[in-house]
> 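So that we are looking at the same thing, I have put the structure below in structure tokens.
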Amino acid sequence: MGARNRAGLLWAYLRRRSKVDALPVEYIVETTAKCNLYCPMCPRETHKQPKEDMASEIFDRLVKESSGTAEHMMLIGLGEPLLDPKIFDRIEYCARHGISTLLSTNGTLLDEVNAGRLLCSPLEHITLSFDGATKESFEFYRKGARFEKVRDNFVRFCQMKKASGARVHIVVQMVRMERNAGEVDEFIRFWRSVPGVDQVRIKEDETNLMRPGAGHDAGDWKHPCHYLWRGPMYVKHNGDVYPCCQSYMLGGKPVGNLASQSIEEIWNSPEMCRMRRLHAEKRAGEIDVCARCCTTIPHPLLVAGSLVFHGRTVRRALPVVERLAYFSRLPLRLLRPPRS
């Protein structure tokens with residue numbers, strides 16, 4: 001079913017069809033809107049969030065309806081996943097329906113107990129967010145967190161993974177911004193030396209809070225955005241569904257809600273079809289949220305590759321592709337970043 005679904009997505013993408021007879025392979029699912037930090041680059045600073053968790057009815061419906069087609073669910077959003085009291089149950093529920101899961105944590109709650117529970121769960125991938133190699137830059141971007149405590153939590157978690165032989169894939173990630181840009185080499189050197197770390201990821205800032213003028217020129221839209229054909233779709237804690245995480249962060253409207261619509265209805269809703277049509281016609285700049293988007297646009301060759309392989313494989317390959325782009329070892333035509 002998964003391979004056939006991916007083939008349907010690939011065919012629709014290559015043919016630039018506005019209606020897609022297949023479902024997304026990836027979802028970003030905000031199981032909680034609660035967070036315990038304040039970060040200047042986070043959209044929470046402009047999009048105020050309630051202290052609420054996703055209802056089980058909405059989560060269970062999404063998983064059941066996408067079972068057989070969804071390959072990867074990122075249980076993240078504008079909240080800290082470890083503040084969700086049902087997060088371990090949700091990881092188990094996805095696994096029972098054949099869907100791999102990813103968490104991204106700020107590490108403040110990753111004590112020894114939570115670390116042990118995660119390592120015993122069927123979680124397949126975790127991103128440890130650590131935005132800086134020095135106390136000054138880290139605590140500037142992660143207000144409310146202590147550099148030493150979070151670093152020690154992450155190191156202990158990685159060591160516990162190594163000792164237990166757990167299969168979870170660990171990525172330590174730094175979002176490269178103005179204050180930490182000079183710390184990339186030191187960051188990579190330290191985290192590569194920690195036992196249990198599988199990958200170190202240097203990620204470009206994909207919000208426009210720290211650089212309000214960022215976006216794409218009209219000439220950048222030679223190729224349609226893969227999000228509209230492949231996913232991940234973004235599901236808010238209240239069931240609102242957006243074409244992608246960027247569309248929500250940039251103030252776009254939801255294209256549906258899981259409380260009253262199926263994922264298939266939302267995926268081929270009039271607005272989704274309109275956006276695909278404009279992208280196919282190289283008119284994506286006419287869509288407000290797309291014109292202001294800060295996501296790098298991949299070449300169709302990379303998009304096709306992402307639909308040939310399983311979602312978990314694509315997720316593991318992503319940091320490698322980004323590293324090649326970061327060191328200019330990939331031609332610019334394969335990855336078109338936004339203008340600054």
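Only a predicted model underlies this, so the values are computations on that prediction, with no experimental measurement involved.
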> Taking everything shown except Glu264 itself, do over 12 heavy atoms lie less than 6.0 Å from its CD?
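Result for CD/Glu264: open.
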> More than 12 heavy atoms of other residues, nucleotides or ligands under 6.0 Å from NZ of Lys149: yes or no?
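No, NZ of Lys149 has 12 or fewer neighbouring heavy atoms, counting only those of other groups under 6.0 Å.
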> Which label fits Phe154 and Trp191: parallel for a plane angle under 30°, tilted from 30 to 60°, or perpendicular past 60°?
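If you compare the ring of Phe154 with that of Trp191, the planes turn out perpendicular.
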> Taking the six-membered ring of Trp267 as reference, does the cationic atom of Arg276 (NZ for Lys, CZ for Arg) lie under 6.0 Å from its centre and within 45° of its axis?
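Checked: cation-pi criterion met.
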> Can you check whether Ile28 reaches Pro232 side chain to side chain, under 4.5 Å on heavy atoms?
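Counting from C-beta outward, Ile28 and Pro232 do come under 4.5 Å.
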> Does the side chain of Ser137 pick up a donor-acceptor pair with the side chain of Glu183 at under 3.5 Å?
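Ser137 vs Glu183: donor-acceptor pair found between side chains.
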> Would you find a donor on one side and an acceptor on the other, under 3.5 Å apart, between the side chain of Asn5 and the backbone of Leu23?
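Judged by distance alone, yes, a pair lies under 3.5 Å.
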> Is there a side-chain contact between Ile76 and Thr127, using heavy atoms and a 4.5 Å cut-off?
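Side chain of Ile76 against side chain of Thr127, heavy atoms only: no contact under 4.5 Å found.
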> Could you tell me if His72 and Glu26 have a donor-acceptor pair between their side chains, going purely by distance under 3.5 Å?
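There is no such pair (donor and acceptor under 3.5 Å, judged by atom type) between the side chains of Glu26 and His72.
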> Whether the Tyr234 and Gln246 side chains hold a donor-acceptor pair (N or O, under 3.5 Å, no angle test) is what I'd like checked.
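Absent: no donor and acceptor within the cut-off.
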> Can you list the steps and then say if Ser121 with Thr101 is a side chain to side chain contact (heavy atoms under 4.5 Å, CB included)?
CA-CA 10 Å; Ser121 77; Thr101 48; over 6 Å; no
> For Glu178, does the CD atom sit with more than 12 other heavy atoms under 6.0 Å from it, leaving out its own atoms?
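No, not enclosed.
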> State whether the number of non-hydrogen atoms from other residues, nucleotides or ligands found under 6.0 Å of Tyr93 atom OH is greater than 12.
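More than 12 heavy atoms, drawn from other residues, nucleotides or ligands, come within 6.0 Å of this atom.
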> Distance-only, no hydrogens or angles: does the Lys161 side chain make a donor-acceptor pair with backbone N or O of Gly196 under 3.5 Å?
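Present.
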> Is there a side-chain contact between Trp11 and Arg17 (heavy atoms, below 4.5 Å)?
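A side-chain contact under 4.5 Å exists here.
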> Regarding Glu186 and Arg189, does a basic nitrogen lie under 4.0 Å from an acidic carboxylate oxygen?
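Between Arg189 and Glu186 there is no salt bridge, as every charged N stays at least 4.0 Å from the carboxylate O atoms.
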> Using 30° and 60° as the class limits, which term best fits the ring planes of His47 and Tyr248: parallel, tilted or perpendicular?
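Aromatic pair His47/Tyr248 classed tilted.
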> Is the shortest heavy-atom distance from the side chain of Val155 to the side chain of Gln159 under 4.5 Å?
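The answer is yes; the side chains approach within 4.5 Å.
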> Side chain to side chain contact (heavy atoms under 4.5 Å, CB included) between Glu71 and Arg6: does it pass, once the steps are laid out?
CA-CA 10 Å; Glu71 298 177 347; Arg6 270 184 273 122; 2.7 Å; yes
> I need the minimum non-hydrogen distance between Glu139 and Arg146, along with the two atoms involved.
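Closest heavy-atom pair between Glu139 and Arg146: OE2-CA, 3.6 Å.
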> Tell me, please, whether Tyr13 has Arg16 positioned over its six-membered ring: NZ or CZ under 6.0 Å from the ring centre and within 45 degrees of its axis?
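Yes.
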> Ser164 and Leu119: which non-hydrogen atoms are nearest, and at how many Å?
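In this case the closest contact between Ser164 and Leu119 is OG-CD1, 4.4 Å.
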> Is Pro243 close to Glu271 at the side-chain level, that is, under 4.5 Å between some pair of heavy atoms?
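Side-chain contact under 4.5 Å: no.
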> I want to check something: taking the side chain as every heavy atom from C-beta on, are Glu281 and Glu286 in contact at a cut-off of under 4.5 Å?
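Side chain of Glu281 against side chain of Glu286, heavy atoms only: no contact under 4.5 Å found.
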> Would you kindly say whether Arg230 and Ser306 are connected by a side-chain donor-acceptor distance under 3.5 Å?
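Looking only at side-chain atoms, Ser306 and Arg230 do form a donor-acceptor pair, the distance falling under 3.5 Å.
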> Looking only at heavy atoms, what is the nearest atom pair of Pro50 and Ala33, with distance?
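Answer, listing the atom of Pro50 first, then Ala33: O-CB, 3.3 Å.
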> Shortest non-hydrogen contact from Glu52 to Thr32?
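The pair with the smallest heavy-atom distance is O-OG1, 3.5 Å.
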> So with a 6.0 Å cut-off around NZ of Lys162, is the heavy-atom count from everything else above 12?
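For Lys162, atom NZ is not crowded (no more than 12 foreign heavy atoms under 6.0 Å).
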> Would you indicate whether the side-chain heavy atoms of Leu78 and Met249 approach each other to under 4.5 Å?
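In short, these two side chains touch, coming nearer than 4.5 Å.
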> Provide the closest heavy-atom pair for Ile263 versus Leu62 in the form atom of the first, atom of the second, distance.
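Taking Ile263 first and Leu62 second, the nearest heavy atoms are CD1-CD1, 4.2 Å.
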> Would Leu128 and Thr105 satisfy side chain to side chain contact (heavy atoms under 4.5 Å, CB included), going step by step from the backbone distance to the final call?
CA-CA 6 Å; Leu128 309 180; Thr105 178; 3.9 Å; yes
> If you draw a 6.0 Å radius around CZ in Arg179, do more than 12 non-hydrogen atoms from other residues or ligands fall strictly inside?
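Count not over threshold, so no.
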> State whether a side-chain donor-acceptor pair under 3.5 Å links Glu80 with Asn106.
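Side-chain D/A pair, Glu80 to Asn106: present.
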> Taking atom CG of Leu75 and atom CD of Glu30, what is their separation to the nearest 0.5 Å?
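If I round to the nearest 0.5 Å, the distance is 11.5 Å.
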> Start with the C-alpha distance between Val235 and Leu258, add both sets of side-chain angles, then the distance that settles side chain to side chain contact (heavy atoms under 4.5 Å, CB included), and finish with yes or no.
CA-CA 9 Å; Val235 184; Leu258 283 173; 3.8 Å; yes
> Do the non-hydrogen side-chain atoms of Arg151 and Lys135 ever get within less than 4.5 Å of each other?
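No, too far: nothing below the 4.5 Å cut-off.
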> So, Asp53 and Arg90, do they make that salt bridge, N to O below 4.0 Å?
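Result for this pair is no, no salt bridge flagged.
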> Pairing donors with acceptors under 3.5 angstrom, does anything connect the side chains of His169 and Gln199?
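Distance-only check passes for His169 and Gln199.
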> Kindly give the heavy-atom pair with the smallest separation between Pro254 and Tyr242, and that separation in Å.
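In this case the closest contact between Pro254 and Tyr242 is N-CE2, 3.4 Å.
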> Can you confirm if the NZ or CZ of Lys86 lies within 45° of the ring axis of Phe88 and under 6.0 Å from the centre of its six-membered ring?
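No; the conditions do not both hold, so Lys86 does not lie above the ring face of Phe88.
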> Between Asp288 and Arg292, is there a side-chain N and carboxylate O pair less than 4.0 Å apart?
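Counted as a salt bridge, because a side-chain N and a carboxylate O are separated by less than 4.0 Å.
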